[in-house]
Protein chains: 2
Amino acid sequence: MKEPAARSERKFPCEQCPLMRRKVFRDFNKKELDFVSRLKRGELSVDRSATVLAEGTRNPHLYTVLMGWGFRYKLLPDGRRQIVNYVMPGDLIGLQGSLMGEMQHSIETLSPMTLCVFERSELMSLYREHPDLAYDVTWLASREECMLDENLLSVGRRTALERLAYLIAFLTNRASAVGMFNGSAPLLPLTQQHLADTLGLSLVHTNKTVRKLVQKNLIRWRDKGCEVLDLDQLAALSGWDPSDEGIRPFI
Amino acid sequence: MKEPAARSERKFPCEQCPLMRRKVFRDFNKKELDFVSRLKRGELSVDRSATVLAEGTRNPHLYTVLMGWGFRYKLLPDGRRQIVNYVMPGDLIGLQGSLMGEMQHSIETLSPMTLCVFERSELMSLYREHPDLAYDVTWLASREECMLDENLLSVGRRTALERLAYLIAFLTNRASAVGMFNGSAPLLPLTQQHLADTLGLSLVHTNKTVRKLVQKNLIRWRDKGCEVLDLDQLAALSGWDPSDEGIRPFI
DNA sequence: CGACCTGTTGATGGGCGTCAATTGTGGTGG
DNA sequence: CCACCACAATTGACGCCCATCAACAGGTCG
């Protein structure tokens, strides 16, 4: 695990926030934009395989992901790992730690990532001065809860093949909603170990399940990643309806 | 599934809210109390085994549980059920539906339950007029997320015996924090089918795992319920640290 | 070049699912 | 009052899904 390497220059002033160019994200009005801009402390750029937040620590910051992939996980005392969700551009991370003290999970990157940094202590002023934005923060927390429900349903009640199909469909759906492929073929930057730790399966069995989806021509396995060939059939195979969420907020 | 039977009389004006008597919940000041009191639409009393909220529906209300047990679950198209969490006094339910439209899960009671009813449409005025309370709503959502992370870790990475031990310890811990046993022996009002659907196991295997905990003298199985004999050993067996949460908000 | 990571495949065994039958209990209607 | 049924718990038999162990191939990097 590499240390996050912070850089101080601000490549993305809020007025040119890369997220604002995406249609999925709602617009800010001038006043909100000014406020958020003042809230912003800086940017953080980290490498691939870096730990952004660590379980058991206290971090004075909140982040919004601007670019890159990552995942959120927990460990058992003996080292068994469970990935609970993935993070992508527009996701707010570190909120749990801000509200409840110590972090209860860790976050690691799957690609280089840049994040927008906010001061944890300023969160209350956001609630005081911008109820609309506060509402949005709650909305984001609620959406995360919704995804966790889905993942739990999957791990608890789907077969290995269904689980894998669901996971790939879920990630592809989320990622393309925020324009991570824009046009090119969907490619998820994961190892099979990541899949295994998300699905609650062993690495070996995950591999054998991956092979089955490859043989069905639903995916192709590339250098360190999974190329998605048929999103609809993956969703159908898992019995999942990828309901489109429409416009959504971000901070 | 029985229909919820609504009653209109208000047995618990906010000033005498049964939750306020509990030490775990924080105090309101007068202004907040007045505001919440105006927000309150009434009370809902439902029987055991009633469906309070149903997946796929839209409900104009938000609820805070005042008394009773329940659980939150999702279904696969073919009927497989996954219980994602349990609800107890002080829990805010229906928030997801309020923020995101349709309910993505259902809630059913395990005992008679009384709930405090709020109008969904008033939520925004709470955010505008009482930032502190808005912050608390987010806090509650965040806590739910934290519990889901734990449950996902459990289902994904623990063995059947560890999973069951964790679940029982987790529920006992939560329930005694809100004073559901006050003094008497901890008794969880669940069937083994509920356990199975929470743990991601079959009913038969759940039964055999329950027997193992009974033989270890950690629990005793009663008429439709599980009596907890040794909470500490259950937690230790599952490798879980039941960190005490301290004072917490409610609405 | 050797160490390491990632993917792959085969062999073996155990944990857990499925099927099936039995018991006990409470509720319901004849 | 009792036959009947539904539900919850329990237990045994059987087999499959998936974990574990092991070995190997290819690629990357120091």
Side-chain angles (χ1 to χ4, degrees), chain A residues 1-2 47-50 71 76 78-83 108-111 154-165 167-168 187-215 219-227, chain B residues 1-2 47-50 71 76 78-83 108-111 154-165 167-168 187-215 219-227:
Chain A
M1 303 206 185
K2 306 167 192 173
D47 293 334
R48 202 175 73 85
S49 297
F71 62 92
L76 285 177
D78 66 359
R80 281 174 283 179
R81 179 175 78 170
Q82 177 66 37
I83 296 180
E108 191 176 318
T109 56
L110 289 166
S111 73
S154 197
V155 174
R157 285 303 180 208
R158 281 194 247 249
T159 66
L161 195 66
E162 290 170 341
R163 252 181 261 186
L164 181 57
L167 176 58
I168 295 174
L187 184 68
L188 309 175
L190 304 167
T191 69
Q192 295 183 7
Q193 185 66 64
H194 292 123
L195 295 179
D197 287 348
T198 310
L199 302 172
L201 298 171
S202 72
L203 177 57
V204 173
H205 195 71
T206 299
N207 177 274
K208 285 167 184 170
T209 310
V210 165
R211 300 275 96 221
K212 283 186 194 170
L213 287 187
V214 170
Q215 274 176 6
I219 62 172
R220 192 152 33 178
W221 201 264
R222 296 295 188 88
D223 272 13
K224 308 206 177 171
C226 171
E227 183 183 343
Chain B
M1 306 209 187
K2 304 168 192 170
D47 292 334
R48 200 176 73 83
S49 297
F71 61 93
L76 284 177
D78 65 0
R80 281 173 283 179
R81 180 175 77 170
Q82 177 66 38
I83 297 180
E108 192 176 319
T109 55
L110 290 166
S111 73
S154 198
V155 174
R157 284 304 180 208
R158 280 194 247 250
T159 67
L161 194 66
E162 291 170 340
R163 250 181 264 187
L164 181 58
L167 176 59
I168 295 173
L187 185 69
L188 309 175
L190 305 166
T191 68
Q192 295 184 6
Q193 185 68 63
H194 292 123
L195 294 180
D197 287 347
T198 310
L199 302 173
L201 297 171
S202 73
L203 177 57
V204 174
H205 195 72
T206 299
N207 177 273
K208 286 168 184 170
T209 309
V210 165
R211 299 275 99 221
K212 285 185 192 170
L213 287 186
V214 169
Q215 274 175 5
I219 62 173
R220 193 152 34 178
W221 200 264
R222 296 296 189 87
D223 273 14
K224 306 206 177 168
C226 172
E227 183 183 343

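Please read these numbers as outputs of a predicted model, since none were measured by experiment.
For the pair Gln192(A) and dC5(C), the criterion of a side-chain N or O lying under 4.0 Å from OP1 or OP2 is not met. One finds no side-chain N or O of Asn207(B) lying less than 4.0 angstrom from the OP1 or OP2 phosphate oxygen of dA9(D).
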Checklist entry - Reading nucleotides 24-30 of chain D from the 5' end, what letters show protein touch, with B for base, S for backbone sugar-phosphate only, - for no heavy atom under 4.0 Å? => result -------
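DNA chain D is contacted by both Thr206(A) and Trp221(B); Trp221(B) maps to the nucleotide lying nearer its 5′ end (nearest heavy atom per residue). Mapping Gln193(A) and Arg157(A) onto DNA chain C via the closest heavy atom, the residue that lands nearer the 5' end is Gln193(A).
At whole-Å resolution of the value, CZ in Arg163(A) and C1' in dC17(D) are 10 Å apart. To the nearest angstrom, P of dC16(D) lies 18 Å from CG of Leu161(A). Between the CZ atom of Arg211(A) and the C1' atom of dT9(C) there is a distance of 10 Å, rounded to whole Å. When rounded to the nearest whole Å, the span between CZ of Arg222(B) and P of dA8(D) equals 19 Å. Counting to the nearest Å, the P atom of dG17(C) and the CD atom of Glu162(A) are 14 Å from each other. Atom pair Leu199(A):CG and dC18(D):P shows a separation of 11 Å (rounding to whole Å applied). One can place CZ of Arg158(A) at 20 Å from C1' of dC16(C), the figure rounded to the nearest angstrom. As rounded to whole Å, 11 Å separates atom P of dT6(C) from atom CG of Leu110(A).
For the atom pair His205(A) NE2 and Lys208(A) NZ, the distance stands at 8.5 Å (nearest 0.5 Å). Atom CZ of Arg163(B) sits about 9.0 Å away from atom OG1 of Thr209(B), to the nearest 0.5 Å. Note: Leu76(A) CG to Glu162(B) CD = 7.0 Å, rounded to the nearest 0.5 Å. One finds the CD1 atom of Ile168(A) at 6.0 Å from the CG atom of Leu195(A) (value rounded to the nearest 0.5 Å). The line from CG of Leu167(B) to CD1 of Ile83(B) is 9.0 Å long, rounded to the nearest 0.5 Å.
Atom CG of Asp78(B) has more than 12 heavy atoms from other residues, nucleotides or ligands within 6.0 Å.
For Ser111(B) (side chain) and Arg48(B) (main-chain N/O), no donor-acceptor pair under 3.5 Å exists by modelled atom type. Within the 3.5 Å criterion, the main-chain N or O of Leu199(B) finds no donor-acceptor partner in the side chain of Ser154(B).
Note on Gly225(B): nothing from the nucleic acid sits closer than 4.0 angstrom, heavy atoms only.
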Would you tabulate the nitrogen or oxygen pairs shorter than 3.5 Å linking the protein to nucleotides 18-23 of chain C?
none

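For the side-chain hydrogen bond (donor to acceptor under 3.5 Å, both in side chains) condition, the pairs that include at least one residue of residues 189-199 of chain A, sequence neighbours left out, are Arg81(A)-Asp197(A), Tyr86(A)-Thr198(A), Thr191(A)-His194(A), Gln192(A)-Asn207(A), Gln193(A)-Asp197(A), Asp197(A)-Arg157(B).
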